[in-house]
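A short worksheet on the structure shown next.
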Amino acid sequence: MKGPDLPRSESNGHWPKGWALNRDPFWLESSQPGIFVAGDVRHGSVKRVAAGVGEGATAVMFIHQYLASAER
């Protein structure tokens with residue numbers, strides 16, 4: 001699962017166990033901080049090459065943001 005698809009605990013509103021950062025995950029970031037997903041491995045993907053290519057390009061932008069952030 002990734003980004004906004006990551007479930008929050010219904011009881012306390014926190015991210016799942018293992019999410020140690022004090023920020024929301026980036027859109028294509030997996031449940032492991034710094035690991036990004038695109039294309040068919042994504043939850044709810046449409047199984048289209050063009051969509052995967054576009055998501056891959058978007059993931060690169062988020063990777064740059066992740067690497068530039070102080071919190072990793």
Side-chain angles (χ1 to χ4, degrees):
M1 307 213 51
K2 53 88 187 157
D5 293 332
L6 290 175
R8 287 186 182 235
S9 170
E10 292 179 13
S11 62
N12 62 14
H14 291 51
W15 292 108
K17 187 176 181 181
W19 187 262
L21 303 180
N22 290 324
R23 64 162 175 82
D24 289 347
F26 293 117
W27 178 55
L28 293 170
E29 193 168 16
S30 72
S31 59
Q32 295 298 311
I35 305 296
F36 294 81
V37 297
D40 289 353
V41 299
R42 233 178 23 84
H43 173 262
S45 75
V46 293
K47 310 286 190 271
R48 302 280 188 258
V49 171
V53 170
E55 289 170 4
T58 302
V60 170
M61 178 187 70
F62 287 121
I63 291 166
H64 286 288
Q65 288 181 11
Y66 173 80
L67 293 174
S69 70
E71 183 180 29
R72 283 190 263 157

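Note that the numbering runs from 1 along the sequence shown for the chain. All values below come from the heavy atoms of this structure, side chains included, with hydrogens, waters and symmetry mates left out.
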Non-neighbouring partners of Phe36 that pass ring-ring contact (aromatic ring centres under 6.0 Å, His included), sequence neighbours left out: none

Do Phe26 and Met61 sit in one hydrophobic cluster, given that two such residues count as connected whenever their side-chain heavy atoms are within less than 4.5 Å of each other, even indirectly? yes

Supply the atom-to-atom distance Trp27 CH2 to Gln65 CD, rounded to the nearest 0.5 angstrom. 13.0 Å

If you round to the nearest 0.5 Å, how far is CG of Leu28 from OH of Tyr66? 15.0 Å

Test your reading of the model: is there a side-chain donor-acceptor pair from Ser30 to the backbone of Val37, 3.5 Å cut-off? no

